[in-house]
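Heavy atoms only: backbone and side chains are in, while hydrogens, waters and symmetry mates are out. Residues take their numbers from the sequence shown, with the count starting at 1.
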Amino acid sequence: MINLLRQLCNIPSPSGDEKAISDFVLQYIQQQQTTWKTRPELFHGDEFQHCIVLVFGKPRTAVFAHLDNIGYTVRYGTELVKIGGPRSVSGYKLRGTDSKGNVECELIVDAEGALSYQCHRMIDRGTNLSFKMDFREDENFIQSCYIDNRLGVAVALKLCETLENGIVIFSTWEEHGGGSVPFLAKFIYENYQIKNSLISDITWVTEGVASGKGVAVSMRDSGLPRKEYIYKIRDILQRNNLPFQLEVESSGGSDGNELQKQPYPIDWCFVGAPEDHVHTPDEKVHKADIDSMLKAYQLLMAHL
């Protein structure tokens with residue numbers, strides 16, 4: 001898991017520019033699926049843009065994991081505009097690729113909060129920039145840029161090893177307001193009558209959700225999932241003695257928020273490890289919560 005997570009974190013794929021991470025995940029699936037318990041039906045290509053859908057057996061529940069990350073786009077001159085909601089601090093190291101090749105630069109935030117870059121050369125207008133990875137691991141924690149949501153992707157891929165019945169979806173655009181969930185929801189409901197879903201994403205360490213205490217099951221954020229469905233998930237985890245934490249927030253969102261807006265009766269629940277230093281190059285997650293997250297998905301996909 002940790003080696004896979006390291007590889008995923010090292011692939012810059014800001015919202016709307018997910019080709020690199022999608023290609024990696026697709027290649028991983030094609031290489032590994034012969035060793036999985038169930039061989040899935042694989043959907044990808046132009047009609048799915050850079051999304052990937054895996055259908056196992058007779059599915060009842062779908063897992064959504066978004067592929068994209070936050071970042072910046074070069075505007076005019078050295079100006080930058082945000083992709084999603086990165087926390088911006090002068091000195092953060094950024095990287096990208098333009099017509100002249102790979103480039104690294106430094107983020108500059110002035111007194112008024114305006115964003116720009118400092119670099120040895122000008123970067124092409126429209127180039128997307130992501131945080132430069134500095135992957136760190138100790139006895140208890142993993143720390144890197146883009147654990148949100150590379151960890152959600154890694155958990156979904158590891159889930160595939162033992163999954164017998166279910167759908168695993170790798171979506172795009174989530175960090176910048178979404179966009180792929182509507183056509184993905186249409187596909188899984190109209191073809192497989194899916195009514196249950198889980199959001200494999202990363203949440204926050206807060207005053208009510210701590211590192212090392214288990215995966216977070218979100219009862220609400222800016223979206224409101226159905227309580228009956230949340231309680232069903234809670235009861236499955238409790239019966240199996242899996243450590244987890246109930247989260248209640250007033251803000252934040254995920255692919256679940258987009259699912260709730262679609263004309264399909266698909267329940268959703270955000271189930272993910274809590275992280276500290278959210279949307280920075282130093283996102284930090286406890287290894288016990290990673291373990292709890294994977295076990296939660298294995299249980300829920302078997303019992304929902």
Side-chain angles (χ1 to χ4, degrees), residues 1 4 8 22 24-45 47-67 149 151-172 180-201 215 217 225-226 228-237 239-240 242 244 254-256 258-259 262 264-272 290-304:
M1 170 78 84
L4 174 59
L8 290 166
S22 181
F24 176 90
V25 170
L26 184 60
Q27 183 180 48
Y28 179 91
I29 291 166
Q30 291 169 335
Q31 290 174 345
Q32 298 295 321
Q33 63 182 344
T34 57
T35 67
W36 295 348
K37 187 171 185 179
T38 303
R39 184 93 177 240
E41 189 172 3
L42 174 62
F43 297 91
H44 65 98
E47 62 270 37
F48 291 91
Q49 297 182 333
H50 290 307
C51 301
I52 300 169
V53 180
L54 299 170
V55 180
F56 294 79
K58 297 179 179 179
R60 302 180 304 274
T61 304
V63 174
F64 284 79
H66 74 85
L67 294 168
N149 185 40
L151 178 54
V153 172
V155 166
L157 288 170
K158 298 301 286 186
L159 171 68
C160 290
E161 295 178 0
T162 56
L163 187 61
E164 295 184 68
N165 301 296
I167 296 179
V168 176
I169 297 172
F170 299 98
S171 63
T172 57
S180 64
V181 166
F183 70 76
L184 294 168
K186 174 180 171 69
F187 178 78
I188 64 172
Y189 187 79
E190 295 185 357
N191 289 284
Y192 301 98
Q193 294 73 57
I194 295 298
K195 296 182 180 179
N196 301 326
S197 70
L198 300 168
I199 311 302
S200 181
D201 203 343
V215 67
V217 175
R226 283 203 309 154
E228 181 181 1
Y229 185 61
I230 301 300
Y231 289 155
K232 186 176 182 179
I233 288 170
R234 177 199 62 187
D235 292 346
I236 290 169
L237 298 181
R239 285 198 305 270
N240 287 275
L242 185 83
F244 70 96
S254 68
D255 280 342
E258 269 204 274
L259 273 174
Q262 303 314 311
Y264 305 100
I266 302 176
D267 278 313
W268 63 277
C269 180
F270 184 112
V271 180
I290 297 175
D291 183 60
S292 172
M293 183 175 174
L294 178 56
K295 289 178 179 176
Y297 275 89
Q298 291 168 335
L299 281 170
L300 294 171
M301 293 300 285
H303 294 288
L304 279 173

Original post:
How far does SG of Cys51 sit from CD1 of Ile169, to the nearest 0.5 angstrom?
Top reply: 8.5 Å
Original post:
Distance-only, no hydrogens or angles: does the Thr38 side chain make a donor-acceptor pair with backbone N or O of Leu163 under 3.5 Å?
Top reply: yes
**OP:** Indicate yes or no for a side-chain donor-acceptor contact from Asp201 to the backbone of Gly272 under 3.5 Å, with no hydrogens or angles considered.
**Re:** no
Original post:
Less than 4.5 Å apart, any side-chain heavy atom of Leu304 and any of Lys232?
Top reply: yes
Original post:
CG of Leu237 to OG of Ser292: how many Å apart, nearest 0.5 Å?
Top reply: 8.0 Å
**OP:** Could you check Asp267 against Lys195 for side chain to side chain contact (heavy atoms under 4.5 Å, CB included), going step by step and ending with a plain yes or no?
**Re:** CA-CA 6 Å; Asp267 278 313; Lys195 296 182 180 179; over 6 Å; no
Subject >> Val63 vs Leu300, side chain to side chain contact (heavy atoms under 4.5 Å, CB included): CA-CA, chis, key distance, verdict >> reply: CA-CA 10 Å; Val63 174; Leu300 294 171; over 6 Å; no
Original post:
Got Leu8 and Val25 here, is their nearest side-chain heavy-atom distance under 4.5 Å?
Top reply: yes
Subject >> Over all atoms of both residues, closest heavy-atom pair of Ala302 and Arg60 >> reply: O-NH2, 3.4 Å
Original post:
Within the distance-only criterion (no hydrogens, no angle test), does the side chain of Asn165 pair as donor or acceptor with the backbone N or O of Lys58 below 3.5 angstrom?
Top reply: yes
**OP:** Applying side chain to side chain contact (heavy atoms under 4.5 Å, CB included), run through Leu198 and Met301 and close with a yes or a no.
**Re:** CA-CA 9 Å; Leu198 300 168; Met301 293 300 285; 4.0 Å; yes
**OP:** Working to the nearest 0.5 Å, report the span between CG of Asn240 and CD of Gln298.
**Re:** 11.5 Å
Subject >> Under 3.5 Å: donor-acceptor pair, side chain of Glu161, backbone of Leu157 >> reply: no
Original post:
Does Glu164 have any side chain to side chain donor-acceptor pair (under 3.5 Å) partners at least two apart in sequence or in another chain, and if so, which?
Top reply: Lys37
Original post:
How long is the gap from OH on Tyr28 to CD1 on Ile52, to the nearest 0.5 Å?
Top reply: 12.5 Å
Subject >> Shortest non-hydrogen separation from Ile236 to Leu299 and the atoms involved >> reply: CG2-O, 4.4 Å
Subject >> Heavy atoms from other residues, nucleotides or ligands near CD of Glu228 exceed 12 (cutoff 6.0 Å) >> reply: no
Original post:
Do Tyr229 side-chain atoms and Ser197 backbone N/O form a donor-acceptor pair below 3.5 Å?
Top reply: yes
**OP:** Could you tell me the separation between the CZ atom of Phe64 and the CH2 atom of Trp268, rounded to the nearest 0.5 Å?
**Re:** 12.0 Å
Subject >> Heavy-atom pair with the smallest gap, counting every atom of Glu41 and Tyr192 >> reply: OE1-OH, 3.9 Å
Original post:
Is the shortest heavy-atom distance from the side chain of Phe170 to the side chain of Ile29 under 4.5 Å?
Top reply: yes
Subject >> More than 12 heavy atoms of other groups within 6.0 Å of Gln30 CD >> reply: yes
**OP:** Measure across Ile194 and Tyr189 and return the closest heavy-atom pair with its distance rounded to 0.1 Å.
**Re:** O-CD1, 3.2 Å
Subject >> Which atom of Asp255 lies closest to which atom of Ser171, heavy atoms considered >> reply: OD2-OG, 2.5 Å
Original post:
Got a second to check how far His50's NE2 is from Ser180's OG, nearest 0.5 Å?
Top reply: 11.5 Å
Subject >> Val155 side chain near Met1 side chain, heavy-atom distance below 4.5 Å >> reply: yes
Original post:
Which pair of non-hydrogen atoms, one from Gly152 and one from Met293, has the smallest distance, and what is that distance?
Top reply: CA-CE, 4.0 Å
Original post:
Any sub-3.5 Å donor-acceptor pair from Tyr297's side-chain atoms to Val271's backbone N or O?
Top reply: yes
**OP:** Using the side chain to side chain contact (heavy atoms under 4.5 Å, CB included) rule, take Ile266 and Ile188 through it: C-alpha gap first, then chi angles, then the decisive distance, then the call.
**Re:** CA-CA 10 Å; Ile266 302 176; Ile188 64 172; 4.3 Å; yes
**OP:** Over 60° means perpendicular and under 30° means parallel, so classify the ring planes of Phe43 and Phe48, tilted if in between.
**Re:** tilted
Original post:
Would a 4.5 Å heavy-atom cut-off, applied to side chains only, mark Pro225 and Phe270 as touching?
Top reply: no
